[in-house]
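Step one of this worksheet: look at the structure below.
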Amino acid sequence: MSHEKADLPTKDAIRLIGRVEELREELRRHEHLYYVLDAPEITDAEYDALMRELRELEAKHPELVTPDSPTQRVGGKPKDGFVKVAHSRPMLSLDNAYNEEELREWDRRVCTALGSDAVEYICELKLDGLSLALTYENGQLVRGVTRGDGAIGEDVTTNVRTIRSIPLSIAPGTLHNAGLEGSPEPGTFEVRGEVVMPFAAFQKLNDEREAQGLAPAVNPRNAAAGTLRTLEPNIVAQRGLVFYAYFVLVNGETFFDKQYMTLFALKKTGFRVNEHLKIVHGINEVLQLIANAESLRATLPYEIDGVVIKVNFVAQQQRLGFTGRAPRWAIAYKFTAKSGITQVNAITVQVGRTGKLTPVAELVPVFIGGTTVSRATLHNAEEIARLGLEIGDFVVVERGGDVIPKVVEVVRERRPADTKSFTFPTHCPECGSVVVRVEGEVDTRCVNANCPARLREALLHFAARGVMNIEGLGEAVVTQLLERKLVQSIADIYTLDEARLLTLNLVKEKKAQSLLEEIARSEQAPLDRVLLGLGIRFVGARTAELLADTFLTMDALIAASREDLERVSEVGPRVSSAIREFFDEPANLALIERLRAAGLNFTTTVKEKSEKLTGMSFVLTGTLPTLTREEARERIERAGGRVIGSVSKKTSYVVAGDEAGSKLEKAHALGVPILDEAALLALL
Ligand code: IVH
């Protein structure tokens, strides 16, 4: 049988091509309306119908598929990771000003160099994402490259193509018509800008990560960076990244003669340009704008970390030129709330329950936002490289709400002469086993399943609040139990007696008594807590609960195949294989048998659920008078509601107790209704 396309009469072929082109035009127009202008004209369903029609036609006639067709955003995978490419011109960073004085100083230098007393500046928001360079050749997007070290970045084209606010093609002459009547349309040009992950997308990602028992992403910028480096364009397409354009380069030079013109032309060409921009004259107007930007910040659906001030006229920019690493014609004014500058004494490495190695900056103590901070997480080796951090450096440390303090940047200007670079250990600092870094992942792990650090973390996790709730079994006691080899497995907790506990120097009779009571009480903990306590990879509180509700007994769960497991909502292939792997390990089965012998709860009773709060989301903050956070969460979830980590406009209620912090402020700012414990109980 011959192919349908070979038999197609010419007239039909023309009609078909016409329809395909028409669909593409329509889809591009609607993508632009939706993703760039935020002003959709049709419903999602109508959009999907157009897309479906185009997909079907293209599937029947693959010869008609073009790379810029809206169906082609998700293409093949970047097989061997990302290729490094040199930038046409270095992607420089900006100098920072942290206060009015530094900003005035910069303005004085600009004024002096230009012989003017009120320079025309253009102010843009400093979007907290990562910068990206896009190359268009003959109107087609051919390449997307991350900033990398500024000189060399990574080719992330396959991922960039999935970002819907980035046009895959630009009609001939558009850029030129948008701003430069008369000059020739450039064959090749580069658009630079910032990729951000809006709060809503960030929240969704973290909800998913929580459901999978993964640590939440630290902030939207990290999440955006991680996403762009994912080797699965499919995943990138779902993460809701947005690109804001701010530069156009042709042959490495600025194309338009004013920065304002650049932004205007980019917008006309179909790029998303941040709408909060303003031309001002002189530094006082800049300071006024910054004051307004600080309050604007609370209302934006994405994170900004300051304001970028650029000299508007390119001719003046050229007269000012560059220092080694940044233009003299622009500066970033950074918001400084809740941050401080201090020195890094040392970098230590912690080993977590899953064997993950986390580098930690040991700091000269610094007072930030009401508390003294002496340690800050550095997340992983890549983050240290990104920061360019060396031991002895001065760094900006930030803490927000209940977030762990983190190092956000190195103050290069203050680098002492004797800093030392940090080499990530090749062996576990606790047990000396080799560590491995799985390809495509940023984390480094200790491979030794019996690593004492892992055991310590496993014990602390098992005993933690919200897990088995064994009060009193904290760091100090666990460390001593391990040192004296009184505990060599989780199950040994249940073999402890008063005599043994009293050999620890921290424990007196009273404490030993109450600890034993706590341990005895934990035997009654429901099955889902026991499952959670086992520390199976990707099995967080929610997944544990779903598993317990579905399989009802430990034995049924142990016997479940991957297919059985994946019938549970929210359990995918990754989680199911982690669970199987866990139960296939004889040492783990032995542990389970010992826990069974100790009398732990291996069955569950079906809980009554109501649907009163279905569809509502709650954020908990502060200390409630009678309920613990876990209890409040459980009550809300049992009534069908969801408890999420951070406040957005869509949050139904914020439940606030004593010493509620930034989440409460945010709820006020966004107009989210606030409940106290009594109001929550009434609602329940
Ligand atoms: S201009 C040489 N404009 O801030 C000019 N940068 O601290 C550098 N950024 O690497 C870029 N919003 O990732 C510019 N409106 C904006 C920006 C912006 C965010 C980022 C960008 C840059 C970093 C410099």
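Atoms within each ligand, like the ligands themselves, are counted from 1 in listed order. Side chains included, hydrogens not; waters and symmetry mates left out as well; all remaining heavy atoms used.
Within the 4.5 Å cutoff, side-chain heavy atoms of Asp68 are placed close to those of Arg28.
Between the side chains of Gln259 and Glu124, at least one donor N or O lies within less than 3.5 Å of an accepting N or O.
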Table please: side-chain donor-acceptor pairs of residues 108-117 below 3.5 Å, with sequence neighbours left out.
from   : atom 1 : to     : atom 2 : distance (Å)
Arg108 : NH2    : Glu101 : OE2    : 3.2
Thr112 : OG1    : Arg108 : O      : 2.6
Ser116 : OG     : Ala118 : N      : 3.2

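In this structure, Phe271 has its ring center at least 6.0 angstrom away from the ring center of Phe189.
Taking every heavy atom of both residues into account, Pro198 and Val242 meet most closely at CG-CG2, 3.8 Å.
For the pairing with Asp393, the salt bridge (charged side-chain N to carboxylate O under 4.0 Å, His left out) check across Lys420, Arg415, Arg412 returns one residue only, Arg415.
Protein neighbours of ligand 1 below 4.0 Å, counting non-hydrogen atoms: Leu92, Leu94, Glu124, Leu125, Lys126, Leu127, Ser131, Glu194, Tyr246, Phe247, Val308, Lys310, Pro327.
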